[in-house]
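The structure appears right after this line, and notes come after that.
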Amino acid sequence: MSQPDQTLRDEAARLRAELDDANYRYYVLDEPTLTDAQYDGKLRRLQEIEAAHPVLVIPDSPTQRVGARPAEGFPEVEHALPMLSLDNAFNEAELAAFTQRVAERLERDADSLEFCCEPKFDGAAISLVYEDGVLVSGATRGDGRTGEGITTNLRTLRSIPLKLRGDNVPTLLEVRGEVIMSHSGFEKLNDRAREEDAKVFANPRNAAAGSLRQLDPRVTATRPLEFIAYQVARLEPDQDLATHSELMARLEHLGFRISPWLEQVTGGQGIIDYCRRLGERRDRLDYDIDGAVLKIDELRLQRELGFVARAPRWAMAFKFPAQEQTTRLRDVEFQVGRTGAITPVARLEPVAVAGVTVANATLHNADEIRRLGVMIGDCVAIRRAGDVIPQVVRVIEGARPEDAREIVFPERCPVCDSQIERLEGEAVARCSGGLYCPAQRKEALKHFASRKAMDIDGLGEKLIDQLVERDWVKTPADLYRLRVEDLAELPRMAQKSAANLAFALDHSRRTTLARFIYALGIREVGEATANNLARHFGNLSALMEASVESLEAISDIGPVVARHIHTFFRQAHNQNTLEDLQQVGITWDEVEMQPRVQPLAGQTWVLTGTLESMTRDEGKARLQALGAKVSGSVSKKTACLVAGEAAGSKLTKAQELEVPVIDEAGFLEKLQEWESANEEAET
DNA sequence: CCGCCTCGAGGTCA
DNA sequence: CTCGAGGCGG
């Protein structure tokens, strides 16, 4: 193949610059400079050159926005810094409380604090990483810690720069923001879908999120997606920027689109005014927003405030009041859960609320029905609470039809006809049928098979329904006694599916004690408690024989949970099932379950000063893993004070109270010693 | 709770 | 082509 001459190289470079610039002006500044035809012409010319001379193709070329090959799946991507959620404020009082809290913590006047305010777009949160100015990775939020790598899909968004603009680009930049679809883009997309008789999307948010999960980036490329940057997670070098607003301005220069209506305001009233103004223009916007985000503008103050659990203390999300719709209550059904809990579910005339069709809503319990004073046939107000769960808010006065019927809370289980019991002081009523009740049995089996329990692949709800209805399966142990020939008789189950299920069952036999305990579905014993129990007892028989007192002695297990566990193992039918399960070959490694060494159990430690080798939080976590409590202040009960560099009053106080003090070197030495003892125990 | 995507498999029809 | 399961995200 011939080498491209210099003129051609220059032309390719020029075309790339022009196309990048046109993208930026169109998608970021909203000031188109080229017509579509001009843009396409230049793009095609660049494609020709690159096709003829593949050496000229570079990853950040505008022609590379559409990755050719569909992916096989999305890789896991760990976020260098977790993507946190924000605390929510639902009214102005809660906003005021936020300002107050922040002001007090900073020991500042609330009226003088500067905030940076922006709309909260309703889309899908993502994170982008640029190294030496080039986009190298893009991922979804996921659980905040790890997300899905969707880089090739994100490359197709023309508002995401493939390389940063300008000179002086940072060596490392991680940008967070929202991928959204405008109302107009959404309408156009659905019009197109209707013409082609394809599926139409329910709302812009789902269309955006769905588009990102396409395996074929060429499909994503046809979707009108936009990216709006709202946060800098990492920036190196940090360029001496003092405020969040300055960071946003910097992002804009680097080629990102930032939130329109980004404003700096002062004081609590400034925030409230901003939220009001945004609320007023909300309906006229071409984008779905569900509130505003308020951030302390000064980065120094953000650092001072730090984080609490899963959210920064320096930011708050203001949520607009949830949209309400009215519809008719057709009927109420009573569902039976895994523990027998009876839940009344409202069957509603389907109604569109905030972009989705709602046909069901939980009424929680009898008290809630009484509180609402609702009857079947009533017109009711529905809203989607806390983002998602549909809720019956109230009955619409004066709209009750003649034939409205009272909602009668049943006295007998609608599934198995056992007595329904409601304990003194409890809101929930329960079917007393236990595992005699097919509904409870189904739920228990579903739980047993679920991913975090025995992880039986392919054993879903419908299949369990059939197995229970035919009485083929009464206890989890029966699952392992099913015969492939019988399974193959079931509808939608032929040889292949039956064999797959048999394989999955077989595969699930080897598990861990923690999973097994969790799978049993003991009330109030979730994943975390099951883990605790497994670690503490190391084997099943010790757990089965444990007294209530010895259970209560375990951290995080209180009297109620201890009693549930104890009762579970005293019941004859549970004992039989456990025996059966072991008989059908459920096994786990005993060795793995050695109890952890907790040399610091019962001790309270305090950290002060700056540690060189780790953050304060990390030190705290490591101490806690060894059983210590970590507190913020020194008292005579303090077991030991770790004094880092520039320790202050805590050190003085410890000396006064004659509390033992160690320095960082001593601390590290001790940590190593204790932690290595644990590693030995665990392997 | 709801919507979306993907996959494997079953069923139907030519 | 349709269904069930599984996974993700808000």
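In this structure, A:Met83 places its CE atom 16 Å from P of C:dC8, rounding to the nearest Å. Per the geometry, CG belonging to A:Leu212 stands 14 Å off P belonging to B:dC4, to the nearest Å. Computed from coordinates, the A:Ile289 CD1 to C:dG10 C1' distance equals 16 Å when rounded to whole Å. Distance CZ (A:Phe201) to P (C:dG9): 17 Å, rounded to an integer number of Å. For the pair A:Asp122 CG and B:dC4 P, the interatomic distance rounds to 14 Å; values are reported in whole Å. One atom, CD of A:Glu76, and another, P of C:dG7, lie 12 Å apart when rounded to the nearest Å. When rounded to the nearest whole Å, the span between CG of A:Asp197 and P of C:dC1 equals 12 Å. Between the NZ atom of A:Lys496 and the C1' atom of C:dG4 there is a distance of 16 Å, given to the nearest Å.
Side-chain proximity of A:Arg141 to C:dG10, B:dC5, C:dG4: nearest is C:dG10. The side chain of A:Ala494 lies closest to B:dG10 when the candidates are C:dA5, B:dG10, B:dC5. The A:Ser497 side chain lies nearest to B:dG10 when the options are B:dC5, C:dC8, B:dG10. For A:Ala202, taking side-chain heavy atoms from C-beta onward, the closest of the listed nucleotides B:dA9, C:dA5, B:dG3 is B:dG3. Among the nucleotides B:dC5, C:dG9, B:dA9, the one closest to the side chain of A:Arg205 is C:dG9. Comparing atom distances between the A:Lys199 side chain and each of C:dG10, C:dA5, B:dC5 picks out B:dC5 as nearest. Looking at the side chain of A:Arg213, the nearest of the listed nucleotides B:dG10, C:dG7, C:dG10 is C:dG7. Of all nucleotides listed (B:dG11, C:dC8, B:dC4), B:dG11 comes nearest to the side chain of A:Arg492. Considering only side-chain atoms of A:Leu215, the nucleotide from B:dT6, C:dG7, B:dG3 that sits closest is B:dT6.
Comparing A:Asn360 and A:Met493, the nucleotide of DNA chain B nearest to each residue sits closer to the 5' end for A:Asn360. Residue A:Gln335 is the one, among A:Gln335 and A:Val200, whose nearest nucleotide of DNA chain B lies closer to the 5' end (criterion: closest heavy atom).
Nucleic acid contact for A:Thr357: sugar-phosphate only, since backbone atoms but no base atoms lie under 4.0 Å from a heavy atom of the residue. In this structure, A:Ile126 reaches neither bases nor backbone, as no heavy-atom distance under 4.0 Å exists between it and the strands shown. Using a 4.0 Å heavy-atom distance criterion, A:Ala359 is classed as a sugar-phosphate-only contact. Among the heavy atoms of the strands, none lies under 4.0 Å from A:Ala209. Among the atoms of the strands shown, none is found under 4.0 Å from any heavy atom of A:Gly355. Here A:Ala125 lies in heavy-atom contact (under 4.0 Å) with sugar-phosphate atoms only.
A donor-acceptor pair is defined here as one N or O able to donate and one able to accept, closer than 3.5 Å; no such pair exists between the side chain of A:Arg276 and the backbone of A:Glu280. In this structure, the side chain of A:Arg441 engages the main chain of A:Leu435 through a donor-acceptor pair within 3.5 Å. Under the 3.5 Å distance criterion, the side-chain polar atoms of A:Gln440 are matched with a main-chain donor or acceptor of A:Cys431. With hydrogens and angles ignored, the 3.5 Å screen pairs no side-chain donor or acceptor of A:Ser259 with any backbone N or O of A:Leu262. The closest donor-acceptor contact from the side chain of A:Asn203 to the backbone of A:Gly355 lies under 3.5 Å.
Remark: A:Asn206 is not in phosphate contact with C:dG10, judged by side-chain N or O atoms under 4.0 Å from OP1 or OP2. Contact annotation: A:Thr140 reaches the phosphate of C:dG9 (side-chain N/O to OP1 or OP2, under 4.0 Å). Remark: A:Gln214 is in phosphate contact with B:dT6, judged by side-chain N or O atoms under 4.0 Å from OP1 or OP2. Of the side-chain N and O atoms in A:Asn500, one or more sit less than 4.0 angstrom from OP1 or OP2 of B:dA9.
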Q.
What verdict does the ring-ring contact (aromatic ring centres under 6.0 Å, His included) test give for A:Tyr287 and A:Phe186, after you've listed the backbone C-alpha separation in whole Å, the side-chain angles of each residue and the deciding distance to 0.1 Å?
A. CA-CA 10 Å; A:Tyr287 301 100; A:Phe186 171 75; over 10 Å; no
(Q) For A:Lys462 and A:Asp465: C-alpha separation, side-chain torsions, deciding distance, then whether salt bridge (charged side-chain N to carboxylate O under 4.0 Å, His left out) applies. (A) CA-CA 5 Å; A:Lys462 302 281 166 176; A:Asp465 283 354; 5.6 Å; no
Q.
Please evaluate residues A:Tyr230 and A:Phe121 with respect to the criterion ring-ring contact (aromatic ring centres under 6.0 Å, His included), reporting the C-alpha separation (whole Å), side-chain torsions for both, the decisive distance (0.1 Å), and the verdict.
A. CA-CA 10 Å; A:Tyr230 58 65; A:Phe121 290 96; 8.7 Å; no
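Stem analysis of DNA chain B (Watson-Crick or G-U pairs, both distances under 3.5 Å, runs of at least three) returns B:1-10 with C:1-10.
Side-chain atoms of A:Arg347 and A:Asn360, non-hydrogen and from C-beta on, do get closer than 4.5 Å to each other. Two residues are said to be in side-chain contact when any heavy atoms from C-beta on lie closer than 4.5 Å; A:Val345 and A:Phe334 fail this criterion. Residues A:Val179 and A:Leu154 have side chains in contact (heavy-atom distance under 4.5 Å, counting atoms from C-beta outward).
Using modelled atom types and a 3.5 Å distance limit, the side chains of A:Asp286 and A:Ser184 yield a donor-acceptor pair.
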Please tabulate, one pair per line, each protein N/O and nucleotide N/O from nucleotides 12-14 of chain B that are separated by under 3.5 Å, including the distance.
none

